[in-house]
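Everything below concerns the one structure shown next.
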Amino acid sequence: MRSFSLLLLSFLLGVCEVKGGSDFRICAFNLHHFGESKTKKNNVMHILARIITRCDVCLLQEVRDAKEKAIPQLVDRLNRYDTQHVYDTVSSERLGRSSSYQEQYVFVYRTNTVSVTGQYQYPDNKPGDVDAFAREPFVVRFKAPKTAIKEFVLIPQHTTPDNTTKELDALYDVLQHVKRMWRTENVMLLGDFNADCGYLAKKNRKNVRLITEKNLYWLIPEKTDTTVRSSTSCTYDRIVVNGEQFARAVVPSSASPFNFQTAYRLTEDQALEVSDHYSVEVLLKDFANKVSFTALLSLFVLGQLVFQMSTW
């Protein structure tokens with residue numbers, strides 16, 4: 001009796017695992033000075049298309065598109081490469097303290113799996129801490145009906161290396177503000193935090209509320225290399241989720257860097273033409289899988305009853 005039950009349960013869980021592998025992927029990618037010059041490199045654009053089209057939502061950083069030509073060309077490339085989906089973008093203004101160096105946050109997303117329901121440019125003149133960020137977060141709320149979480153907010157940040165500790169701590173204030181503003185707990189923070197090696201000393205971590213707050217879950221494991229260069233090994237790029245509900249909506253152990261150099265068999269020099277960072281990503285559980293697991297569990301219970309009746 002017990003062996004039959006275990007066999008049946010194993011079978012149903014196996015079916016659930018096969019059917020339930022979510023492919024809803026959220027990514028963050030530092031493109032390393034992405035602008036018009038990179039769009040002229042066909043090999044680079046092809047690899048970028050392969051990387052970005054793996055994602056339902058992809059945060060792009062270090063976008064330096066002053067003429068506003070590079071991102072439209074990239075989106076056109078994505079839509080030609082992946083004809084099964086339609087890609088669109090939502091972008092911040094150009095951000096930076098110096099007029100000679102500014103960046104944008106750009107979210108690329110599949111319009112058939114996710115939609116933008118709100119956007120908010122965090123100001124740089126919050127009372128008590130003027131200009132905490134070199135590049136203030138551009139916060140976007142997304143609706144994704146097929147995921148277990150349904151709707152979520154993404155807070156991006158590309159910290160300045162020489163001000164990482166202060167900016168990471170200030171992100172906690174952004175999180176609290178966004179939670180109150182949109183009355184939600186389903187918030188993810190992501191991007192190139194420069195949160196390792198010489199930019200975030202171990203002695204300073206106790207001063208970063210984004211790290212010390214117990215209700216925040218840092219998903220990229222420590223000592224995970226998110227950099228392309230073989231001479232570095234740092235966990236700069238991060239994904240952080242707020243609260244247990246969002247954490248439970250994440251596919252366990254799915255948060256990781258995507259090593260496109262290995263995946264696409266590139267030399268280090270070829271990979272560095274694309275970026276000096278790997279993208280980082282995480283999978284969200286599928287709502288249909290959640291429902292199907294409940295149905296399978298009910299089927300297991302029913303099978304138990306039928307088997308017991310047959311032995312009477």
Side-chain angles (χ1 to χ4, degrees), residues 25-34 47-48 50-52 54-64 92 95 103-108 133-135 137-140 152 154-165 167-172 174-175 187-202 204-205 208 210-211 216-242 250-251 253-264 266 268 271-284:
R25 183 177 277 109
I26 298 175
C27 309
F29 195 10
N30 182 331
L31 297 188
H32 192 215
H33 303 324
F34 180 76
I47 295 166
L48 285 176
R50 295 180 72 180
I51 297 169
I52 296 169
R54 297 174 66 256
C55 313
D56 289 83
V57 180
C58 186
L59 162 67
L60 307 181
Q61 302 146 88
E62 281 203 31
V63 174
R64 302 189 64 197
S92 73
L95 303 166
E103 300 176 10
Q104 286 176 285
Y105 297 115
V106 178
F107 288 96
V108 178
F133 301 100
R135 295 170 284 268
F138 174 63
V139 187
V140 181
F152 53 85
L154 299 183
I155 300 177
Q157 185 57 36
H158 177 204
T159 70
T160 303
D162 59 3
N163 201 34
T164 292
T165 300
E167 290 194 14
L168 285 182
D169 183 64
L171 271 180
Y172 183 81
V174 180
L175 171 64
V187 183
M188 177 185 292
L189 305 100
L190 71 173
D192 177 6
F193 287 3
N194 285 302
D196 199 8
C197 296
Y199 300 136
L200 182 63
K202 290 183 179 179
N204 290 336
R205 295 187 176 217
V208 178
L210 204 69
I211 296 175
L216 294 170
Y217 300 84
W218 287 59
L219 301 183
I220 302 294
E222 293 290 336
K223 298 183 179 180
T224 301
D225 189 8
T226 68
T227 66
V228 171
R229 295 185 190 278
S230 57
S231 58
T232 60
S233 182
C234 300
T235 318
Y236 289 145
D237 303 84
R238 302 295 187 129
I239 298 175
V240 181
V241 294
N242 173 73
V250 168
V251 175
S253 304
S254 65
S256 65
F258 175 60
N259 186 332
F260 62 86
Q261 180 183 345
T262 299
Y264 303 143
L266 306 175
E268 183 173 312
L272 286 170
E273 279 194 281
V274 179
S275 179
D276 56 354
H277 288 251
Y278 298 131
S279 61
V280 290
E281 60 185 47
V282 66
L283 295 177
L284 298 189

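Numbering of residues begins at 1 and proceeds along the displayed sequence.
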Taking every heavy atom of C197 against every heavy atom of S233, the minimum-distance pair comes out as SG-O, 3.8 Å
Distance col, row T226:OG1 vs D276:CG, nearest 0.5 angstrom, shows 9.5 Å
Tested for side-chain contact (heavy atoms from CB on, under 4.5 Å) against R25, the lone hit among V282, V57, V251, L283 is L283
| query | Do T224 and P257 have side chains that get closer than 4.5 Å, going by heavy atoms? | reply | yes
Of all heavy-atom pairs linking P221 and A255, the shortest is CD-O, 4.0 Å
E167 meets the side chain to side chain donor-acceptor pair (under 3.5 Å) criterion, sequence neighbours left out, with Q157, T160
**Item:** Candidate pair V208 and T165, rule side chain to side chain contact (heavy atoms under 4.5 Å, CB included), full reasoning
**Value:** CA-CA 7 Å; V208 178; T165 300; 3.9 Å; yes
Those residues at least two apart in sequence (or on a different chain) that pass side chain to side chain donor-acceptor pair (under 3.5 Å) with Q61 are none
- prompt: Where do H33 and E62 land on the side chain to side chain donor-acceptor pair (under 3.5 Å) test, with the steps shown first?
  reply: CA-CA 5 Å; H33 303 324; E62 281 203 31; 3.2 Å; yes
inquiry  = Whether the side chain of R135 engages the backbone of H158 through a donor-acceptor N/O pair (distance < 3.5 Å, no angle test) should be reported.
reply    = yes
Hits for side chain to side chain donor-acceptor pair (under 3.5 Å) against N242, two or more places apart or cross-chain, chain-then-number order -> E185
Please check: side-chain N/O of S279 versus main-chain N/O of F29, any donor-acceptor pairing under 3.5 Å? no
Rounded to the nearest 0.5 angstrom, the CG-CD distance for L266 and Q261 is 6.5 Å
dist F138:CZ -> L59:CG (nearest 0.5 Å) comes out at 10.5 Å
Contacts of A195 meeting side-chain contact (heavy atoms from CB on, under 4.5 Å) (sequence neighbours excluded), chain-then-number -> L168, F193, L200, W218, R238
- prompt: Are the side chains of F133 and L171 in touch, meaning some heavy atoms are under 4.5 Å apart?
  reply: yes
When rounded to the nearest 0.5 Å, the distance separating CG of L175 from CG of L210 is 7.0 Å
Residues passing the salt bridge (Lys or Arg N to Asp or Glu O under 4.0 Å) test with R54, sequence neighbours excluded, are E281
Closest non-hydrogen contact found for C58 with I52 is CB-CG2, 4.2 Å
Sorted by chain and number, sequence neighbours left out, ring-ring contact (aromatic ring centres under 6.0 Å, His included) with Y278 holds for F260
Minimal heavy-atom distance between P137 and P156, with the atoms involved, is CB-O, 3.4 Å
I would like to know whether L154 and F107 meet side chain to side chain contact (heavy atoms under 4.5 Å, CB included); could you show each step before the answer?
CA-CA 10 Å; L154 299 183; F107 288 96; 3.8 Å; yes
R229 meets the side-chain contact (heavy atoms from CB on, under 4.5 Å) criterion, sequence neighbours left out, with S231, T232, E268, L272
Contacts of T159 meeting side chain to side chain donor-acceptor pair (under 3.5 Å) (sequence neighbours excluded), chain-then-number -> T164, N194
Sorted by chain and number, sequence neighbours left out, side-chain contact (heavy atoms from CB on, under 4.5 Å) with E273 holds for K41, N43, V44
Minimal heavy-atom distance between N259 and T262, with the atoms involved, is OD1-N, 2.9 Å
A263 meets the side-chain contact (heavy atoms from CB on, under 4.5 Å) criterion, sequence neighbours left out, with F258
- Query: Which is it for Y105 and V140 under the side chain to side chain contact (heavy atoms under 4.5 Å, CB included) test, yes or no, and what are the steps along the way?
  - Reply: CA-CA 11 Å; Y105 297 115; V140 181; over 6 Å; no
*Taking the side chain as every heavy atom from C-beta outward, state whether F34 and V106 have any pair of such atoms under 4.5 Å apart.*
no
Practice task
Quick one: do L219 and V240 satisfy side chain to side chain contact (heavy atoms under 4.5 Å, CB included)? Show the steps, please.
Solution key: CA-CA 6 Å; L219 301 183; V240 181; over 6 Å; no
To the nearest 0.5 Å, atom CG of L48 lies from atom OG of S275 at 8.5 Å
With sequence neighbours left out, the residues meeting salt bridge (Lys or Arg N to Asp or Glu O under 4.0 Å) with D169 are R209
Between A28 and L190 the two heavy atoms that sit nearest each other are CB-CD1, 3.8 Å
Note to self: Between T235 (side chain only) and D225 (backbone N and O only), is there a donor and an acceptor less than 3.5 Å apart?
What the structure shows: no
Are any non-hydrogen side-chain atoms of Y236 and H277 less than 4.5 angstrom apart?
yes
Salt bridge (Lys or Arg N to Asp or Glu O under 4.0 Å) filter on D196, not counting sequence neighbours, yields R205
When rounded to the nearest 0.5 Å, the distance separating CG of D56 from SG of C27 is 8.0 Å
